Amino acid sequence: MKRTSPVVILTNYRRVLSSLPIMLIGAFWLVRKEPSTSRTVMIIGFLIYVVIVLAGPVLEWLQLRYGADADGITISTGLFSRKDVRYSWDTISRVQTSDNMIGKKLGFTNLELGANTEDNKPILLEMVSLGEAERIMALHRVVIADQAGVEEADSPVELMPSVDGPDDGGGTDALAMRTVPTQVVQNPIATAPEAGMQLIHLSTPRDIAVASLVGGRAFLIIPAFFFILDKIGDYTKLNINLTQLGLAIFGEFSPLAIAAIVGTFLLLAIAYGAVTAWLSNGRLQVFAGDDSFLVRAGVWNRRTVHLKKINVVGFRIQSNPIAKIFSYAKLEVLSNEAGDSEAHVLVIPMAARTRINTLLDAHFDCHIDDIAVHTSARITKIYIFLTSALVVTAAIVGGWLLNRMWGWWAVGFVALIFVVVLLSLYGALGYDAGRRVVLLREGLLSRTDHILTYDRVHSAEYRHGPLDKQWGLAKLHVRLYEGESNVIDMGGIPRRVVLDFIQEVTITRKKSAVRRYLSAHL
Amino acid sequence: MTTITDATHADGLLQYHHKTVLVWRFDHVVGALILAGLVLAVFHNPWWNPAIFWLEPLLLGLIVLNSIIKVAILIPLRYRNSGYLLDDETLLLARGKLWRSLTLVRRDKILYVTTKTGPLLRRWNVVELNVGILGEKFTIPAVTPDEAQRLKTELALSSPWETPERGDDETH
C-alpha cells in the first residue's frame, strides 16, 4: 500500500486558502458588530483557522492509501480506524488522468477511476506520479482487453467495430481512418496509445471555430444583464445607471452607439468562446480500440479518459440553432457508472454530425436517421402558442395587479423564460425494435437526442392532462439511471406512441398481464 | 374491511386500500393549511402595496374552495382510478383520472422495497410501501401489513432480480 505524493498537500492548501477571504470578511463583520470583542478571542479564532488550514490537507493526504496489482486496486482510508475497499479491474469502467500546469511541471497527474462506489463518486487519487499512473492504466487495459474477448460474444449490442469507409466529416478524413502506428508506450499521458487503436476523431480548426460561436453565446446575455441592472437602478435608486454610462462614452444614444455596444459584446463573445474552446478542447483526440475508447483533450490542463466499451450504454447529442447552421453537435458517450457528473461521460464538445452518425451507426449497427421518429409537430406548435399566450397574459395581469412594482420589462422577461422552458419540454421519440435501440429527442430549439439500448431504461411513465387528452397527446417521463441528468421529460407526443413505447421498453412477453391491461383499457 | 387482495377494479387493476383516501385527504389538508399560513404571513408584511390586500381573502377563498373540491370529489375520483398490477417482469402503477399517469417499472431494475409507517398509518392499520430503483422511488400509499409483506416477498423472489449486479445491468 502506498500514499499519493505529498505534493497533494500543496494543492489542497490552495483549496483551503480560498476560504481566507470569507474568514477575513467574517472577522471584519465581528469587529464592526461587536467592537467589544476581545483581542484574545480574535487571536484564538485565527489560530484555530490556521490549525485547520495546516492540519486539514496533511490529514487528508495521510488517511488515503492505495495498492494496485494485476487483479485490482485497494483503496484504504482512515487514520485510526481504517477501511479497505477492494475493486477488481473489471468493475472499473473508466480511468481518467487530468494534468494541470503545476502537476505537469512536477511530473504528477490526478487519477480518477470510474467505479460504482458506495457514495456513487469516482475514486480520486490526486498527484500520482506519471509512472505510477501509467502502471495503473496499463493494468486496467490488460484486464479489459481480456474481458472484451469473453463478453463480446454475449453482448446483444455489437461493440463498435473498426470504422472504415468514406468520411465526409468536415476535414478530418485523412486522420479519421488512420491506424495509429505502433509505438512503445512510455507514458500514456504524453504519447499515442498502443497499437490497434484507431484515431476516430481529431479536433480541427473548424471545430474550434464552431465551438467558439456556440460556447461564447452565453456572453451575449451580458447586454441583457446590463439592461436589467439599469432598470433595478431606476427602481431602487441605487445609481446603477448604465444608460448614463453609455451616454458618457458615446455622447448620444444613437443607433450607431447601440450597434457599437452590441458589436463589442459580439466580438467579446466570440473571442471568449474561442479561447475557452481552444483551452478545453484543443488537441482533442478520440481513439477506438476493440474494447475501449480513449479520449485526450485540453491544452493547458490536459485530460485522458480510458473507457471500456462494455460500459457504454448510449450516446447523447446536443445541438442548438447555431450548431445546426454548421451541422455540428456536442456528443457525450454515456457510461453505466453511477453518479451524476459530466466527468462520467466522454465528451466530444463539437463535432460534425456526419462524423457522429458514423460513430453511432457503427456502435448500434443501425442507421440512426432510419429510426422513424414520432411527434406531433402541428399540434405541438398550436399547444405551445396557446400556452405561451396564456403565460404572457398571466404575466401582464400579474404585473398590473402588482401595481407595476417591477415594471413591464420584468414581466416580459419572465414570460420569455417560460416560453423557452416550454419549448424545451417538447420532443419526439422512436425506436428500432429489432436492435432494441431507442431514440429520445428533447426540445424544439435546442435539441438533445438520447440514443440508448432498451436496457438503459429503468422505468417509463405515461402522463396526460385534460388538454393533452383533448388533443390526443401525452407526456413521457423516462428514468435512465441515477441522477437528474438521467431523467428525460418530453411532451407533445401522440398518445398512442407513448403507450406503445413504454410497453416496448419494459415488457418483453406478449402475454404479459400488464400488456393485456394496457391494450384492453387504453 | 376491504383489503387490496380481494379488491380489484373491473378492469383488472389491483385497487389500493380504501384508507388511501384518508391518507391523501390528510396530506392535502396539511398542505392547504401550510399554504394558507404562507398567504397570511405574506399579506401581513409591510412591504406589500396596500392596494393589493384585497387579494388575501380571494386567495384564502380559492384555497378553501380547492380543498373542498379535492377532498370531496377529486381524491375519491383519483382513488377509483388508481391501482397497481404486478406481473413477472413489470410493475404497473396507475394513478388519476383527469391527470392520468401510468408508470411501468422493470422488475429487474428494482433495488429495494421498503415499508414506512407513522402514528396515523398505524392507527389505520396500514403501511406505505416504497419501491426503489436507482434515483427514484415509487409509492403505494396504503396497504395492509400482510399485503406489504406479500409484495415484498414476491418482488424479492422474482428471478430477474438475481442476475444483474449494479454496474453490469446495462450491458446485456
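Here is how names work: the chains are called A, B, and so on, in the same order as the sequence lines, proteins then strands, and each is numbered from 1. Just so it is clear, the model here is predicted, and its values are computed rather than measured.
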Gap separating the [atom1] atom of [X] from the [atom2] atom of [Y], nearest 0.5 angstrom:
| X | Y | atom1 | atom2 | answer |
| --- | --- | --- | --- | --- |
| A:Tyr517 | B:Leu13 | OH | CG | 4.5 Å |
| A:Arg516 | B:Leu85 | CZ | CG | 8.5 Å |
| A:Glu461 | B:Ser101 | CD | OG | 4.5 Å |
| A:His464 | B:Trp99 | NE2 | CH2 | 10.0 Å |

**Prompt:** Do A:Leu518 and B:Leu104 have side chains that get closer than 4.5 Å, going by heavy atoms?
**Reply:** yes
**Asked** Is A:Leu499 close to B:Leu102 at the side-chain level, that is, under 4.5 Å between some pair of heavy atoms?
**Response**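 Of all side-chain heavy-atom pairs linking A:Leu499 with B:Leu102, at least one is under 4.5 Å.
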**Request:** Give a yes-or-no answer on whether the side chains of A:Ser459 and B:Glu136 include a donor-acceptor pair shorter than 3.5 Å.
**Result:** no
**Request:** Using the side-chain hydrogen bond (donor to acceptor under 3.5 Å, both in side chains) rule, pick out the option among B:Thr90, B:Asp88, B:Asp87 that qualifies with A:Arg509.
**Result:**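 Testing each of B:Thr90, B:Asp88, B:Asp87 against A:Arg509, the sole residue satisfying side-chain hydrogen bond (donor to acceptor under 3.5 Å, both in side chains) is B:Asp88.
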Please answer whether the main-chain N or O of [Y] pairs with a side-chain N or O of [X] as donor and acceptor at a distance below 3.5 Å.
| X | Y | answer |
| --- | --- | --- |
| B:Lys109 | A:Arg456 | no |
| A:Thr506 | B:Arg106 | no |
| B:Glu89 | A:Thr508 | yes |

**Request:** Please state whether the side chain, the backbone, both or neither of A:Val505 comes within less than 4.5 Å of a heavy atom of chain B.
**Result:** backbone
**Prompt:** Above 12 or not: heavy atoms from other molecules or residues under 6.0 Å from CZ of B:Arg122?
**Reply:** yes
Let me have the donor-acceptor pairs involving side chains of residues 57-76 of chain B, under 3.5 Å, with sequence neighbours excluded, atom names and distances please.
from    : atom 1 : to      : atom 2 : distance (Å)
B:Ser67 : OG     : B:His28 : NE2    : 3.3
B:Ser67 : OG     : B:Ile63 : O      : 2.9

**Largest heavy-atom contact set with chain A, pairs under 4.5 Å, which of B:Leu92, B:Leu98, B:Val105** =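 Of the options given, most contacts go to B:Leu98.
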